[in-house]
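Below is one structure, written out as structure tokens, with a few remarks after it.
No hydrogens, no waters, no symmetry mates; every other heavy atom, side chains included, goes into these values. So that the names make sense, note that chain A is the first sequence line, chain B the second, and so on, each numbered from 1.
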There are 2 protein chains.
Amino acid sequence: MDATVVSEPGVEAARDAVRVGLDAGDVVSVFGRCRVAYDGRASSTLGAGDRLLLLKPDGTALVHTDEGHQPVNWQPPDCDHAATVADGELVVHSSRSTPDEELYVRFEAVEQVSRYAVTDESTLSVEGTEEDLRQRVLADPALVEAGFEPRATERDTPAGAVDIYGVDSDGRTVVVELKRRRVGPDAVGQLGRYVDALRRDSHDGASIRGILVAPSVTDRARELLAEEGLEFVAVEPTPSE
Amino acid sequence: MDATVVSEPGVEAARDAVRVGLDAGDVVSVFGRCRVAYDGRASSTLGAGDRLLLLKPDGTALVHTDEGHQPVNWQPPDCDHAATVADGELVVHSSRSTPDEELYVRFEAVEQVSRYAVTDESTLSVEGTEEDLRQRVLADPALVEAGFEPRATERDTPAGAVDIYGVDSDGRTVVVELKRRRVGPDAVGQLGRYVDALRRDSHDGASIRGILVAPSVTDRARELLAEEGLEFVAVEPTPSE
DNA sequence: GATTCTATCTCGCTG
DNA sequence: CAGCGAGGTAGAATC
């Protein structure tokens, strides 16, 4: 772990500091007044303002303002970064192909350039995901309804893979769609597509049930469920304490 | 615009530097070796590693590793940040309510604390959005088909607002759903819901057409369109040069 | 506040 | 490479 800072560098010094960091495989941050232009999947321009530019060794670029979770402009991983001086400005250019897109960040003033030798071997462990909900339902199928028997997960249908496929106590086929949080109309559409696909392949379509398992549903989603003859069961992704 | 740096500070000095920056309404960055814990909409833990923590004056917190566009952990805007020392570590805590969630970043070593007085009055201008596609189609409805006449945009239906509502040369109602890029099954479901809602309200349901306008569709989406009797017209969000 | 939908969504997985 | 779906999605518009 190592960090180096250059404060209020001249344009050439800033360019050199960025290049050293990029060559070393460090995370480089540049703080200063800049304009930004993006062209690719869409295109955008941003006038002068004070912002923080982060360049990562994996080819990611992020331009952050003083507000918001999201960068105001960015490039995804696997881009090529380059730092040059043009018209007295530090210009950072980041580009990739497939799709062709490029980002220009032009600094009229650089306050600080830092680089950090970042190493991170830890992996994030998250709980409360849809996978947790699936494990919970498989461990206790009665959460869906008494007598429910899961037979397969990720079972393929012409419309995609069903989360849980099983049978109810009357032997009817049950398709379960899992969502870790409150669901809207989109999830009902997804479940409907799976059920429709199985009904088309079946001789007795009416016997196929579709059940949406989630903490809750919106009103519109509930209406859609009723229209399509689908059902809803409330289950949290993790047991409430 | 102003930037201040403290390199390899002791724990108390790091805490004080963070507090000064937060109090001043600056963007604060902390680089060092840390562990991270989140609990709220889900929960997560992350073991020790070198990372960059950004604290924004709007209450945003971002933890970035050396890889990826997305922060490995974060808090959205409007959180309260606090820096303390516990067990010889710098602990940054960020929390909010509705929903209740909190983030702990514990630094066992701090390499650098910086703060930046960020001001940004410029607003981002983006082109090539769905709004551009709508303007394009409204300016030249023949892009959809000869004789198409838009009558309303964002027209309300029981299933939500339709992008463009109009009539064809035979006087039939046309519902247009716009997408700025290649579309999958979700967009077909959306269009289908609008068309179904209007058909239910109509005496002559069969006369209502649904047209998906986008650069292209996936195979599965094309099948769904056929099944539901919907149509597709290829249009780019911006004129090809 | 809750709901709905867009997004340069990102990310991971699968064929 | 494309397609599909999850995400602590975020963000904006609307009710």
Atom-pair distance ([atom1] on [X]; [atom2] on [N]), nearest Å:
{"X": "A/Glu131", "N": "D/dG7", "atom1": "CD", "atom2": "C1'", "result": "14 Å"}
{"X": "B/Gln75", "N": "D/dG11", "atom1": "CD", "atom2": "P", "result": "13 Å"}
{"X": "A/Lys179", "N": "D/dA6", "atom1": "NZ", "atom2": "P", "result": "3 Å"}
{"X": "B/Asp163", "N": "C/dA7", "atom1": "CG", "atom2": "C1'", "result": "14 Å"}
{"X": "A/Arg155", "N": "D/dG5", "atom1": "CZ", "atom2": "C1'", "result": "19 Å"}

For A/Arg193 and B/Ser44, take the nucleotide of DNA chain D holding the closest heavy atom to each; which residue's nucleotide lies nearer the 5' end? A/Arg193
Name the residue closer to the 5' end of DNA chain D, choosing between B/Val183 and A/Thr98 according to the nucleotide with the nearest heavy atom. A/Thr98
Between [X] and [N], is there a contact of a side-chain N or O with OP1 or OP2 at under 4.0 Å?
{"X": "B/Arg41", "N": "D/dA10", "value": "yes"}
{"X": "A/Trp74", "N": "C/dC9", "value": "no"}
{"X": "A/Arg182", "N": "C/dG1", "value": "no"}
{"X": "B/Ser43", "N": "D/dG8", "value": "no"}
{"X": "A/Arg96", "N": "C/dT8", "value": "no"}
{"X": "B/Thr218", "N": "D/dA2", "value": "no"}
{"X": "B/Arg220", "N": "D/dC4", "value": "yes"}
{"X": "A/Arg181", "N": "D/dT9", "value": "yes"}
{"X": "B/Tyr38", "N": "D/dG7", "value": "no"}
{"X": "A/Gln190", "N": "D/dC4", "value": "no"}

Is the closest basic N to carboxylate O distance between [X] and [Y] below 4.0 Å?
{"X": "B/Glu101", "Y": "B/Arg41", "result": "yes"}
{"X": "B/Arg222", "Y": "B/Glu227", "result": "no"}
{"X": "A/Glu228", "Y": "A/Arg193", "result": "no"}
{"X": "A/Arg134", "Y": "A/Glu154", "result": "yes"}
{"X": "B/Glu108", "Y": "B/Arg106", "result": "no"}
{"X": "A/Arg180", "Y": "A/Glu131", "result": "no"}
{"X": "B/Asp80", "Y": "B/Arg96", "result": "no"}

Looking only at atom [atom1], what distance separates [N] and [M], rounded to whole Å?
{"N": "C/dA7", "M": "D/dG7", "atom1": "P", "result": "22 Å"}
{"N": "D/dG5", "M": "D/dT9", "atom1": "C1'", "result": "13 Å"}
{"N": "D/dG11", "M": "C/dC11", "atom1": "P", "result": "15 Å"}
{"N": "C/dT6", "M": "C/dT10", "atom1": "C1'", "result": "14 Å"}

Beyond-backbone contact of A/Arg136 with A/Thr238, side-chain heavy atoms, under 4.5 angstrom: no
Taking side chain as C-beta onward, heavy atoms only, is A/Pro185 less than 4.5 Å from A/Arg220? yes
Counting any heavy atom closer than 4.0 Å, what does A/Asp186 reach on the DNA or RNA strands: base, sugar-phosphate only, or nothing? nothing
Mind checking if B/Ala159 touches a base, just sugar-phosphate, or nothing, with heavy atoms under 4.0 Å? sugar-phosphate
Give me, pair by pair, the N or O atoms of the protein and of nucleotides 11-14 of chain C that are less than 3.5 Å apart, along with how far apart they are.
from: C/dC11; atom 1: OP1; to: B/His69; atom 2: N; distance (Å): 2.9
from: C/dC11; atom 1: OP1; to: B/Gln70; atom 2: N; distance (Å): 3.2

Between A/Gly40 and B/Ser97, which is nearer to the 5' end of DNA chain C once each is assigned its nearest nucleotide? B/Ser97
If each of A/Ala221 and B/Arg180 is mapped to the nucleotide of DNA chain C with the nearest heavy atom, which maps nearer the 5' terminus, i.e. the 5' end? A/Ala221
Heavy-atom closest pair (B/His81 atom, B/Lys56 atom, distance to 0.1 Å) is NE2-O, 3.7 Å
Does any donor-acceptor pair link the side chain of A/Asn73 with the base of C/dT8 at a separation under 3.5 Å? yes
May I ask you to check whether A/Thr60 and B/His69 show a side-chain donor-acceptor distance below 3.5 Å? no
For nucleotides 12-15 of chain D, tabulate all protein N/O to nucleotide N/O atom pairs closer than 3.5 Å, reporting atom names and distance.
none

Kindly point out which of C/dT6, D/dG8, D/dG7 is positioned nearest to the side chain of B/Glu130? C/dT6
